[in-house]
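A short worksheet on the structure shown next.
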Amino acid sequence: MARLLIVLLVVIGAWSTWRFFTGPPQVGHFRSAEARAEYLTSYDDAFTALPEPTATSDIATTYGTVRVYEWSTPQTRDTIPIVLLPGRASGVPMWAANLPDLAEHRRVIAFDALGDAGLSVQGTAFTSFDDQATWIEQVLDGLAPRGAHIVGHSFGGATAASYARHHPERVVTLTLLEPVFTFANPPAGMLAWTMVSTLPGLPDGAREYALGKVGGSEYDASDPMAVMIAQGTKHYAASLPQPSVLNPAQRAELTMPVYVAIGDHASLAGGSAAADVARTLPDAVVKVWPDTTHSLPMQVGPALNAELQAFFTSHDR
């Protein structure tokens with residue numbers, strides 16, 4: 001019976017995946033005021049793991065209002081900033097294992113993704129994946145006029161790659177951490193579990209099981225970030241265009257220095273096959289991190305942070 005239930009959930013997830021990416025354009029939204037309030041409680045709890053932001057703002061764009069946080073000091077204020085783009089349903093609190101180290105050495109800017117769970121508010125539907133690059137550029141035009149080190153995880157990695165292709169003059173370096181739909185499609189089973197986790201009305205236990213499959217480790221109800229992500233998948237109805245795996249001509253457009261990190265198992269990015277494709281980029285450092293999954297940024301925070309700091313420093317303008 002348990003095996004049958006798992007098969008049923010995966011089939012439902014596959015159907016939901018098709019509907020999610022091929023349905024008519026809609027505006028992402030919380031399913032109710034009560035759902036939003038419950039999510040915000042978990043968001044605030046998870047946010048306490050981050051340093052207090054230097055500045056918080058809501059920036060209007062063509063597609064809605066983007067919640068932006070900044071961390072800087074008098075010593076880092078004039079550095080080329082790091083811009084962090086989160087994965088699906090993750091929001092800025094997902095960077096708790098990375099942001100404090102990164103902010104010690106340079107200015108950091110982090111967004112809640114537009115059209116996803118978080119404090120950004122979508123107002124206009126996306127009609128193509130390229131629309132993601134538009135709202136990011138509208139935010140960074142005023143915040144990072146000299147360019148930035150762009151970092152994206154998971155769906156945020158696909159978004160970061162799109163932005164880099166459309167605005168290469170803005171991207172000093174590009175860092176892609178387990179980027180989905182970028183160098184390979186996610187394994188079908190992993191993608192189906194991702195969509196199972198977002199089904200409305202799903203029992204919490206089943207949602208948490210699915211999230212554990214996606215993250216590559218068992219769901220931990222004592223982890224505020226895990227709880228926030230579960231609340232985001234439960235309460236937010238996202239409608240995001242389908243990204244496409246980069247073809248050779250599109251990969252050739254990524255001429256800036258690129259750092260790619262791939263998990264060695266339970267990888268949504270495509271594992272070693274994705275790493276092989278990433279190595280065809282014009283100027284890339286590609287690493288398959290041992291003993292990591294799709295949750296790579298959280299699992300190897302200190303070591304990853306040190307590598308990224310060296311990478312950024314070696315390519316600063």
Side-chain angles (χ1 to χ4, degrees), residues 25 27-28 53 55-72 77-88 90-92 95 102 106-116 118-177 179-182 238-244 246 249-259 281-283 312 315-317:
V27 172
T56 301
S57 56
D58 294 302
I59 298 179
T61 73
T62 300
Y63 296 97
T65 303
V66 179
R67 169 57 60 93
V68 182
Y69 302 97
E70 180 177 329
W71 289 263
S72 65
R77 187 176 298 131
D78 294 327
T79 58
I80 298 295
I82 301 167
V83 172
L84 303 176
L85 301 177
R88 275 280 289 115
S90 298
V92 171
W95 299 107
L102 299 178
R106 59 181 67 235
R107 181 180 169 218
V108 175
I109 297 167
F111 309 152
D112 284 343
L114 199 58
D116 203 352
L119 301 190
S120 294
V121 181
Q122 188 178 10
T124 300
F126 298 124
T127 58
S128 76
F129 190 69
D130 292 344
D131 293 341
Q132 301 278 343
T134 300
W135 70 258
I136 294 172
E137 172 60 11
Q138 291 173 351
V139 171
L140 293 184
D141 184 51
L143 292 179
R146 294 187 297 149
H149 299 284
I150 305 294
V151 180
H153 173 242
S154 189
F155 198 88
T159 304
S162 176
Y163 178 73
R165 286 182 49 239
H166 288 87
H167 300 281
E169 73 286 353
R170 294 279 200 190
V171 182
V172 180
T173 66
L174 175 65
T175 296
L176 306 175
L177 309 174
V180 298
F181 298 107
T182 303
S239 180
L240 296 166
Q242 162 79 10
S244 298
L246 300 177
Q250 291 169 330
R251 295 197 300 270
E253 294 172 348
L254 298 177
T255 57
M256 69 289 297
V258 183
Y259 181 97
L281 294 172
D283 182 6
F312 300 148
H315 296 291
D316 263 335
R317 288 177 178 166

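Note that these values count all heavy atoms, side chains included, but never hydrogens, waters or copies made by symmetry. Just so you know, residue 1 is the first one in the sequence shown, and it goes up from there.
- The aromatic rings of Trp135 and Phe111 are tilted relative to each other, their planes meeting at an angle between 30° and 60°.
- Between Leu143 and Arg107 there is a side-chain heavy-atom pair separated by less than 4.5 Å.
- Considering all non-hydrogen atoms of both residues, Ala113 and Ser120 come closest at O-CB, 3.8 Å.
- Formation of a donor-acceptor pair under 3.5 Å by the Thr182 side chain with backbone atoms of Val180 is found in this model.
- Although no hydrogens or angles enter the test, the distance criterion places a donor-acceptor pair under 3.5 Å between the side chain of Gln138 and the main chain of Thr62.
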Requested in this report: Take Val27 and Tyr63 through the side-chain contact (heavy atoms from CB on, under 4.5 Å) test and state the conclusion after the steps.
Outcome: CA-CA 9 Å; Val27 172; Tyr63 296 97; over 6 Å; no
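- Here the CG-CZ distance, from Leu240 to Phe129, works out to 8.5 Å after rounding to the nearest 0.5 Å.
- Ring geometry for Trp95 against His153 counts as perpendicular: the plane angle is over 60°, on a 0 to 90° scale with 30° as the lower cut.
- Checked by atom type, the side-chain pair Asp131/Thr127 shows a donor-acceptor distance below 3.5 Å.
- Listed here is the closest heavy atom pair of Leu176 and Ala160: CD2-CB, 4.0 Å.
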Query - Residue pair Thr175, Phe312: steps toward the side-chain contact (heavy atoms from CB on, under 4.5 Å) verdict - result: CA-CA 10 Å; Thr175 296; Phe312 300 148; 3.7 Å; yes
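- In this structure a side-chain-to-backbone donor-acceptor pair under 3.5 Å is missing from Ser57 to Ile59.
- Within the 4.5 Å cutoff, the side chain of Glu253 has no heavy atoms near those of the Leu246 side chain.
- In this structure the side chain of Ser162 reaches within 4.5 angstrom of the side chain of Asp130, judged on heavy atoms.
- At a cut-off of 3.5 Å, with distance as the only test, a side-chain donor of Glu137 or Tyr163 sits close to an acceptor on the other residue.
- Contact of the Pro243 side chain with the Phe155 side chain is registered, since non-hydrogen atoms from C-beta on lie closer than 4.5 Å.
- Across Ala252 and Pro282, no two heavy atoms sit closer than the pair O-CG, 3.8 Å.
- In this structure, the side chains of Leu114 and Phe126 come closer than 4.5 Å at one or more pairs of heavy atoms.
- No donor-acceptor distance shorter than 3.5 angstrom exists from the side chain of Arg67 to the backbone of Gly118, with no hydrogens or angles considered.
- Contact check for Arg106 versus Asp316: side-chain heavy atoms found under the 4.5 Å cut-off.
- The backbone N or O of Leu119 lies less than 3.5 Å from a partner atom in the side chain of Asp112, making a donor-acceptor pair.
- With a 4.5 Å cut-off on side-chain heavy atoms, Tyr69 and Leu84 do not count as touching.
- Once rounded to the nearest 0.5 Å, the distance linking NE2 of His315 with CE of Met256 reads 12.0 Å.
- In this structure His166 satisfies the ring pair (Phe, Tyr, Trp, His ring centres under 6.0 Å) test with no other residue, sequence neighbours excluded.
- Side-chain atoms of Gln122 come within 3.5 Å of backbone N or O of Gly28 as a donor-acceptor pair.
- Proximity of a side-chain donor or acceptor of Ser90 to a complementary backbone N or O of Arg88 within less than 3.5 Å is detected.
- Contact of the Ile136 side chain with the Ile150 side chain is not registered, since no non-hydrogen atoms from C-beta on lie closer than 4.5 Å.
- Pairing each heavy atom of Ala144 with each of Ala148, the nearest pair is CB-CB, 4.3 Å.
- The two residues Ala164 and Leu174 have their closest heavy-atom pair at CB-CD2, 3.8 Å.
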